[in-house]
Amino acid sequence: MPARQYWLMKSEPEECSIDTLAQSVSQCLPWTGVRNYQARNFMRDAMQVGDGVLFYHSSCPQPGVAGLAEVASAAYLDATQFDPASPYFDARSQREAPRWLHVDVRFVRKTRLLGLAEMRAQPGLAGMTLLRPGNRLSITPVTPAEWQLILELLERT
DNA sequence: GCCAACGTTGGC
DNA sequence: GCCAACGTTGGC
């Protein structure tokens with residue numbers, strides 16, 4: 001069994017916040033809407049059930065880590081790609097060769113908001129993929145050391 | 001609303 | 001397969 005891995009997953013809280021996840025049925029939601037191949041490949045090729053997830057609020061007044069979650073399924077078909085009414089509809093994706101997949105993500109707990117500026121101020125997080133200039137990936141890997149440090153930071157008030 | 005960064009598209 | 005144009009992301 002492979003070692004547990006860690007990820008940071010961005011979500012716009014207006015669409016799906018850590019509270020949305022906490023209040024959903026069985027506190028578990030399909031991570032629909034990923035339309036970037038690199039992010040998809042992380043879900044398809046690397047994620048394992050039980051991997052740790054930092055739930056990150058993006059494109060909002062206070063961007064930052066807002067809670068913890070975990071990967072709850074293997075990657076499977078993202079049905080929104082075939083739904084013309086969905087904002088995630090992809091006319092180029094074909095039924096016989098679907099482009100987009102997603103995993104399910106399960107709520108673990110809410111945390112204090114660990115803001116971007118605070119993360120940038122941490123020498124131990126300087127190498128984080130999230131913090132790289134111009135990074136736009138909605139799913140990024142987190143190293144065990146980064147995960148450990150972030151958990152410690154989340155315990156501080 | 002601005003703008004930098006970067007992924008994707010499509011002509012050649 | 002190159003690369004310019006374009007669209008999107010996301011912090012500020």
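Keep in mind that what you see is a predicted model, and the values were worked out from it rather than measured. We name chains A, B, ... by the order of the sequence lines, and we start the count at 1 in each one.
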Q | Minimum-distance nucleotide to A:Asn36 side chain [options: C:dC12, B:dG7, B:dG10] | A | B:dG7
Q) Would one find a side-chain N or O of A:Tyr56 under 4.0 angstrom from OP1 or OP2 of C:dT9? A) no
Q.
Using the side-chain heavy atoms of A:Tyr37, tell me which of these nucleotides is nearest: C:dG11, C:dG7, B:dT8.
A. B:dT8
Q. So, are A:Lys10 and A:Glu15 salt-bridged, with charged N and O less than 4.0 Å apart?
A. no
Q: Kindly say whether the aromatic ring centers of A:Tyr76 and A:Trp100 come within a distance under 6.0 Å.
A: no
Q: Can you measure from CD1 (A:Ile150) to CD (A:Glu118) and round to the nearest 0.5 angstrom?
A: 10.5 Å
Q: Give the rounded distance in Å between these two atoms: CG of A:Asp90 and P of B:dT8.
A: 12 Å
Q.
Nearest 0.5 angstrom please: A:Arg106 CZ to A:Leu68 CG, how far?
A. 14.5 Å
Q: Would you mind reading off the distance between A:Tyr88 atom OH and C:dT9 atom P, rounded to a whole angstrom?
A: 9 Å
Q | Nucleotide B:dA4, atom C1' - distance to CZ of A:Arg136 in whole Å | A | 10 Å
**Q.** 5' priority, DNA chain B, between A:Gly134 and A:Arg35 [closest heavy atom]
**A.** A:Gly134
Q: Give a yes/no answer on whether the side chain of A:Lys10 brings an N or O atom under 4.0 Å of OP1 or OP2 in C:dT9.
A: no
Q: May I have the distance from A:Leu137 (atom CG) to C:dT8 (atom C1'), rounded to whole angstrom?
A: 13 Å
Q) Whole-Å distance between C:dT9 P and A:Glu15 CD? A) 11 Å
**Q.** Whole-Å distance separating the CE atom of A:Met9 from the P atom of C:dT9
**A.** 16 Å
Q) How long is the line joining CZ of A:Arg40 and C1' of B:dG7, in whole Å? A) 14 Å
(Q) Counting only side-chain nitrogens and oxygens, does A:Arg99 get under 4.0 Å of the OP1 or OP2 atom of B:dT8? (A) no
Q: Would you mind reading off the distance between A:Asn135 atom CG and C:dG11 atom P, rounded to a whole angstrom?
A: 9 Å
Q. Is the shortest side-chain N to carboxylate O distance from A:Lys110 to A:Asp19 below 4.0 Å?
A. yes
